[in-house]
2 protein chains.
Amino acid sequence: MPTIKDVALKAGVSVTTVSRVLNNRGYLSEDLKKKVYSAMNDLNYRPNELARSLSRSKSNIIGLIIPHVSHPFFGELTSHIEEHAYRNGYKLLLCNSQQDKHKELEYIDMLRASRVDGIIMGSHTLEVEAYRQMNLPLVTFDRRISPEIPYVCSDNYRGGVLATTLLINKGCLRLAHIGGHPELNILSVLRSEAFADTARQHNLPHTLLHTDNNSFDVGAYERLLAQLFNEQPDVDGIFAGSDLIAAYALKACRERGLRVPEDVRIVGYDGIALRSLLALPLSTIRQPIEEMGKLAVDLIIQQVHGGAVHAEYILPVELEEGATT
Amino acid sequence: MPTIKDVALKAGVSVTTVSRVLNNRGYLSEDLKKKVYSAMNDLNYRPNELARSLSRSKSNIIGLIIPHVSHPFFGELTSHIEEHAYRNGYKLLLCNSQQDKHKELEYIDMLRASRVDGIIMGSHTLEVEAYRQMNLPLVTFDRRISPEIPYVCSDNYRGGVLATTLLINKGCLRLAHIGGHPELNILSVLRSEAFADTARQHNLPHTLLHTDNNSFDVGAYERLLAQLFNEQPDVDGIFAGSDLIAAYALKACRERGLRVPEDVRIVGYDGIALRSLLALPLSTIRQPIEEMGKLAVDLIIQQVHGGAVHAEYILPVELEEGATT
DNA sequence: TTGTACGCGTTATCAG
DNA sequence: CTGATAACGCGTACAA
């Protein structure tokens with residue numbers, strides 16, 4: 001691979017001049033530019049980003065840690081993050097923590113060693129301290145860590161209220177909620193709280209179920225649903241903590257011969273594209289996934305540039321009624 | 001951030017020694033190791049991977065270019081690739097080409113500039129020459145470029161035969177296939193060919209439809225299905241080129257009041273996890289997605305180490321019957 | 001306006 | 001067995 005030296009030699013100038021042309025620094029005669037550019041072209045030269053990064057101590061890489069890219073919500077989120085990062089000249093280093101403490105820790109280490117300019121955390125298995133200690137631009141999704149670390153989330157509580165209210169307005173009397181693990185002060189727990197609050201306000205009996213370890217284990221979803229229909233066979237309104245869970249709920253109903261929405265109404269959360277492909281278009285609380293992804297990237301970039309950022313960014317949700325309610 | 005110099009100073013040795021400890025080169029007294037390690041620990045030192053990469057001219061980064069991570073098949077594939085790369089000490093730079101020629105080209109440039117050790121290409125919008133020219137370990141999915149560039153694919157033709165035969169054995173008489181764009185000598189076109197061949201062998205009328213530009217535009221899928229049911233209202237067997245297309249086909253049938261599998265039978269291709277969440281568990285031709293991802297990574301690594309690789313790696317498919325046939 | 005020389009953090013090649 | 005020192009490729013004060 002040709003280096004800046006080769007280009008300088010071929011163009012008959014010094015490396016400094018080539019570097020200047022490359023970075024558009026100072027005044028350069030058109031003539032000179034042409035000469036240098038043509039030399040670069042002839043050699044098919046590309047500046048070595050590793051050397052650049054080392055020299056500027058800035059890698060233009062953003063690290064992204066999420067539980068699973070194969071999870072539709074994170075897949076869509078990742079897609080938008082990548083797109084927006086790319087538009088801003090950043091590359092994306094992808095890490096799937098699989099909700100594994102050890103892996104997440106190793107990934108953080110790896111990203112720091114790679115001198116990424118910032119990390120977007122969509123996975124949170126570690127204690128607050130672990131995140132506070134690393135001295136790096138950070139953004140989290142749905143997790144409050146410290147006032148210095150901004151988080152992006154949808155209006156979880158309002159989403160929970162909207163979903164639950166919808167079920168109630170439709171006449172559901174025996175409600176249930178299935179959500180993720182309510183530990184590690186993940187803000188998505190607000191969805192569950194809103195559910196419980198709203199049900200209570202209407203004096204309606206309600207059941208709360210959640211996975212053990214927030215592992216996105218689909219088997220766990222099926223077990224929870226089995227448990228639900230076993231303990232509460234007369235449930236008539238389910239608010240699922242994610243569209244994926246809702247999809248399993250819908251499937252579970254159909255397998256048990258329960259009609260949706262006549263016997264059981266279901267509403268999900270996320271607004272993933274695949275919601276329209278289920279047996280019935282899913283009613284859901286739509287998060288602005290694209291906007292959230294863009295915002296996360298912007299917040300990293302702002303911090304990189306030394307700009308100040310707020311502590312929280314709560315984006316609005318939208319109730320989108322499909323055919324399951 | 002502390003450097004190797006700081007560690008050397010703190011441990012009272014030279015940078016060379018620290019580097020040796022870091023890389024386990026030569027003989028080192030236990031005493032010395034302890035001293036150096038504790039210094040590293042005290043300073044929370046992490047070697048700068050950028051500097052390492054520059055020095056060794058090896059970045060331990062693999063670039064992955066795919067159309068969309070949000071597409072479930074690529075999401076799963078990416079997940080396995082990342083996992084396997086990680087296990088082998090490689091990082092993954094994610095690029096979504098969105099099937100855009102310009103973007104794909106820019107990404108290739110960016111990856112070369114970043115001195116990635118190799119590129120896994122799941123997107124193919126460019127001409128053969130573009131790929132041949134870059135002097136880098138490469139692996140493609142489903143695309144034959146040149147004898148030097150290995151490709152990984154499932155047994156597309158056999159998959160197509162299995163799917164079509166299944167439909168025929170079930171008694172379907174008017175077959176249709178919806179696939180991706182049959183250009184750019186993508187090997188997945190073999191699925192379509194196998195469909196046509198098999199139908200012809202059985203003297204069955206059959207229709208072939210495909211998207212215009214291989215853009216994974218879901219709107220295009222819906223339009224194609226509308227066209228299909230418009231032109232061939234009596235179709236009773238659909239072989240979809242992907243599970244996603246099959247999902248749309250299933251949806252289209254239901255919207256038109258056609259019963260599956262009684263009126264129309266559907267079989268997909270890929271074997272994505274989400275196939276079980278549809279109105280009916282989808283019958284499909286399962287690709288060994290995990291194995292394909294692992295193999296792609298291995299092939300990059302082998303090339304990095306200067307090892308020889310074969311030109312083609314065709315992995316077996318498996319018919320998995322759900323409830324749509 | 002252009003070029004020389006040093007620094008970015010590591011690894012590797014030499015001597016000692 | 002350990003320690004200077006020169007690369008790795010580029011950016012940039014500083015000097016010319």
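Residue numbers begin at 1 in each chain, while the letters A, B, ... track the order of the sequences.
The CG atom of B/N48 sits 18 Å away from the P atom of D/dC8 (whole-angstrom rounding). Whole-Å rounding puts the B/D6 CG to C/dG9 C1' distance at 11 Å. If you take CG of A/L9 and P of D/dG9, they are 15 Å apart, rounded to a whole angstrom. Rounded to whole Å, atom P of C/dA5 lies 12 Å from atom NZ of A/K5. In this structure, B/E30 atom CD and D/dC1 atom P are separated by 12 Å, rounded to whole Å. Between the P atom of C/dG9 and the CG atom of B/L50 lies a distance of 10 Å, rounded to the nearest Å. Between A/N24 atom CG and D/dT12 atom C1' there is a gap of 16 Å when expressed in whole angstrom units. A straight line from CD of A/E49 to P of D/dC10 spans 10 Å, rounded to a whole angstrom.
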Strictly under 3.5 Å: I want the nitrogen or oxygen pairs between protein and nucleotides 3-5 of chain D, one per line.
unit_1 : atom_1 : unit_2 : atom_2 : d
D/dG3  : OP2    : B/S14  : N      : 3.4
D/dG3  : OP2    : B/S14  : OG     : 3.3
D/dG3  : OP2    : B/T17  : OG1    : 2.4
D/dG3  : O6     : B/R20  : NH2    : 2.8
D/dA4  : N7     : B/T16  : OG1    : 3.2
D/dA4  : N6     : B/T16  : OG1    : 3.0

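Scanning all heavy atoms of the two residues, the minimum distance from A/R143 to A/Y151 falls at O-CB, 3.4 Å.
Counting only distance, with no hydrogens or angles, the side chain of B/S114 and the backbone of B/M110 share a donor-acceptor pair below 3.5 Å. Of the possible donor and acceptor atoms, none in the side chain of A/H68 sits under 3.5 Å from a partner among the backbone N and O of B/G75.
Residues B/T16 and B/S19 have side chains that never bring a donor and an acceptor to within less than 3.5 angstrom of each other. A/D298 and A/H84 share a donor-acceptor pair across their side chains, judged by distance under 3.5 Å alone.
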Legend entry - Intermediate values then yes/no, side-chain contact (heavy atoms from CB on, under 4.5 Å), A/N96 and B/E83: CA-CA 7 Å; A/N96 283 86; B/E83 166 75 9; 5.9 Å; no

Legend entry - side-chain contact (heavy atoms from CB on, under 4.5 Å) assessment of A/Y86 paired with B/E106: CA-CA 10 Å; A/Y86 167 74; B/E106 270 201 351; 2.4 Å; yes

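Residue A/I289 holds its CD1 atom at 4.5 Å from CD of A/E76, rounded to the nearest 0.5 Å.
Across residues 51-61 of chain A, A/A51, A/R52, A/S55, A/R56 each have a non-hydrogen atom less than 4.0 Å from an atom of DNA chain D (numbered order).
Put simply, A/N23 has a side-chain N or O that comes within less than 4.0 Å of OP1 or OP2 on D/dG11.
Residues that satisfy the side-chain hydrogen bond (donor to acceptor under 3.5 Å, both in side chains) test with A/E82, not counting sequence neighbours, are B/Y107. Take A/S97 and apply the side-chain hydrogen bond (donor to acceptor under 3.5 Å, both in side chains) test, not counting sequence neighbours, and it matches A/S123.
Heavy atoms of A/R115 sit nowhere under 4.0 angstrom from any nucleic acid atom. When heavy atoms are screened at a 4.0 angstrom cut-off, A/L32 is found touching the sugar-phosphate backbone but no base atom.
Taking five base pairs at each end of the helix from C/dT1-D/dA16 to C/dG16-D/dC1 and finding the rotation axis that steps the C1' atoms of four pairs onto the next four gives two axes whose angle is 50°, to the nearest 10°.
Applying the salt bridge (Lys or Arg N to Asp or Glu O under 4.0 Å) definition to pairs two or more places apart or across chains, those involving residues 49-65 of chain B are B/E49-B/R52, B/K58-B/D117.
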